[in-house]
Novice: 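Following this message is one structure expressed as structure tokens.
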Amino acid sequence: MAQQRALPQSKETLLQSYNKRLKDDIKSMMDNFTEIIKTAKIEDETQVSRATQGEQDNYEMHVRASNIVRAGESLMKLVSDLKQFLILNDFPSVNEAIDQRNQQLRALQEECDRKLTALRDEVSIDLYELEEEYYSSSSSLREANDLPLCEAYWRLDLDTDAADGLAAPLRASPEPSAGPLQPAAPAHSHASGPGPTERA
């Protein structure tokens with residue numbers, strides 16, 4: 001048990017007033033209950049008639065029962081005041097409760113972080129396997145009509161250029177039915193007659 005600390009004067013006075021209220025309320029309840037028991041006792045006949053005495057005893061019982069109820073309500077109010085005093089002034093207990101709550105929340109946070117990390121790793125592994133499966137299947141089944149539009153046009157241009165390059169040498173080659181090639185004519189014509197003969 002922790003050692004009790006010395007309370008300030010105001011708090012000490014407040015606790016003394018709480019103690020006095022407690023004793024007064026309990027004494028009031030006991031006194032009124034004792035008087036109710038005494039009233040229930042049957043007494044000998046007096047100058048007052050029994051009917052009048054019965055009405056007086058009935059009224060006295062109601063009053064004393066009301067006093068007991070009022071003392072009980074005062075005790076309940078005292079309990080509420082004591083709880084409020086304990087909450088507002090018992091700082092070590094409040095700090096201890098706050099520390100315990102912080103530890104519980106930190107443990108919960110660490111557990112959530114571990115679960116999220118494990119979930120992230122599992123999702124990353126599954127995603128990597130799915131990507132490998134997708135790219136391997138798409139590369140093996142890809143056809144020409146499945147190519148992207150820009151790549152299809154690029155391949156079409158390459159095929160057209162290659163066809164033009166093969167057709168040009170074919171147009172330049174001679175036809176087989178033309179026969180052997182003839183020698184080319186001389187560059188100068190002999191319009192003025194035969195040229196000079198070779199001297200002997």
Side-chain angles (χ1 to χ4, degrees), residues 1-44 46 48-141 148:
M1 182 177 179
Q3 185 178 1
Q4 295 182 353
R5 299 169 298 159
L7 296 175
Q9 187 65 29
S10 59
K11 294 181 181 180
E12 186 68 27
T13 305
L14 185 60
L15 290 177
Q16 290 178 0
S17 66
Y18 288 160
N19 193 17
K20 185 177 183 301
R21 284 171 55 185
L22 175 64
K23 291 180 179 180
D24 292 343
D25 291 335
I26 292 177
K27 185 176 182 299
S28 175
M29 294 178 71
M30 292 182 65
D31 293 343
N32 284 281
F33 187 75
T34 303
E35 293 298 327
I36 289 175
I37 297 299
K38 289 181 180 180
T39 306
K41 183 180 178 181
I42 300 175
E43 297 180 354
D44 297 335
T46 58
V48 182
S49 63
R50 285 187 177 275
T52 305
Q53 187 67 34
E55 289 295 330
Q56 181 182 353
D57 293 342
N58 186 24
Y59 178 73
E60 184 180 356
M61 286 182 179
H62 278 86
V63 172
R64 294 191 180 280
S66 299
N67 291 335
I68 292 174
V69 172
R70 187 179 68 250
E73 291 177 351
S74 178
L75 287 175
M76 293 178 65
K77 180 66 168 57
L78 178 61
V79 171
S80 177
D81 293 341
L82 288 173
K83 288 181 179 179
Q84 184 177 1
F85 176 82
L86 182 64
I87 292 173
L88 296 178
N89 297 282
D90 192 8
F91 295 107
S93 299
V94 174
N95 293 332
E96 183 179 358
I98 292 175
D99 293 338
Q100 291 179 358
R101 185 59 179 170
N102 287 335
Q103 292 177 1
Q104 292 176 359
L105 293 176
R106 288 194 187 97
L108 181 61
Q109 180 183 2
E110 292 176 358
E111 182 179 0
C112 292
D113 291 341
R114 287 195 300 268
K115 290 182 178 180
L116 288 175
T117 303
L119 181 61
R120 182 198 62 188
D121 296 338
E122 293 179 0
V123 170
S124 299
I125 294 173
D126 294 340
L127 183 60
Y128 178 78
E129 293 178 355
L130 288 174
E131 288 179 351
E132 289 291 329
E133 182 68 21
Y134 172 76
Y135 287 118
S136 61
S137 61
S138 62
S139 60
S140 61
L141 298 178

Novice: Please report the interatomic distance CG(Leu105) to CD(Gln103), rounded to the nearest 0.5 Å.
Specialist: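 Here the rounded value is 10.5 Å.
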
Novice: Give the minimum heavy-atom separation between Met29 and Gly72, together with the two atoms involved.
Specialist: SD-N, 4.2 Å

Novice: When you measure from the side chain of Asn102 to the backbone N and O of Ile98, does any donor-acceptor pair fall under 3.5 Å?
Specialist: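 It does hold such a pair.
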
Novice: So, taking the atom named CG in Asn58 and the one named NE2 in His62, what distance separates them when rounded to the nearest 0.5 Å?
Specialist: 5.0 Å

Novice: Restricting to pairs with a member in residues 93-102, which pass salt bridge (Lys or Arg N to Asp or Glu O under 4.0 Å), not counting sequence neighbours?
Specialist: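 Output for this query is empty, none listed.
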
Novice: Check step by step if salt bridge (charged side-chain N to carboxylate O under 4.0 Å, His left out) holds for Lys20 and Asp24.
Specialist: CA-CA 6 Å; Lys20 185 177 183 301; Asp24 292 343; 3.0 Å; yes

Novice: Please identify each residue that fulfils side-chain hydrogen bond (donor to acceptor under 3.5 Å, both in side chains) with Gln100, with sequence neighbours left out.
Specialist: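 Partners of Gln100 by the side-chain hydrogen bond (donor to acceptor under 3.5 Å, both in side chains) criterion come out as none, since no residue qualifies.
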
Novice: What distance do Glu131 atom CD and Asp126 atom CG have between them, rounded to the nearest 0.5 Å?
Specialist: 11.5 Å

Novice: Is Leu14 close to Ser17 at the side-chain level, that is, under 4.5 Å between some pair of heavy atoms?
Specialist: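 Yes, their side chains come closer than 4.5 Å.
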
Novice: If you measure from CG on Asp57 to CZ on Arg64, what distance do you get to the nearest 0.5 Å?
Specialist: 11.0 Å

Novice: Can you tell me how far the CG atom of Asn32 sits from the CD1 atom of Ile68, to the nearest 0.5 Å?
Specialist: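 With rounding to 0.5 Å, CG (Asn32) is 5.0 Å from CD1 (Ile68).
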
Novice: For the residue pair Arg70 and Asn67, confirm or rule out a side-chain donor-acceptor distance under 3.5 Å.
Specialist: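 A donor-acceptor contact under 3.5 Å links the two side chains.
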
Novice: Donor-acceptor pairs under 3.5 Å, side chain of residues 107-123 to any protein atom, not counting sequence neighbours: which ones?
Specialist:
| from | atom 1 | to | atom 2 | distance (Å) |
| --- | --- | --- | --- | --- |
| Glu111 | OE2 | Lys115 | NZ | 3.4 |
| Thr117 | OG1 | Asp113 | O | 2.8 |

Novice: Measure the CZ-CG distance between Arg21 and Asn19 for me, rounded to the nearest 0.5 Å.
Specialist: 11.5 Å

Novice: Identify the heavy atoms of Ile36 and Ala65 that sit nearest to each other, and give their distance.
Specialist: CD1-N, 3.9 Å

Novice: Might you confirm whether atom OH of Tyr18 has over 12 heavy atoms from other residues, nucleotides or ligands at distances under 6.0 Å?
Specialist: yes

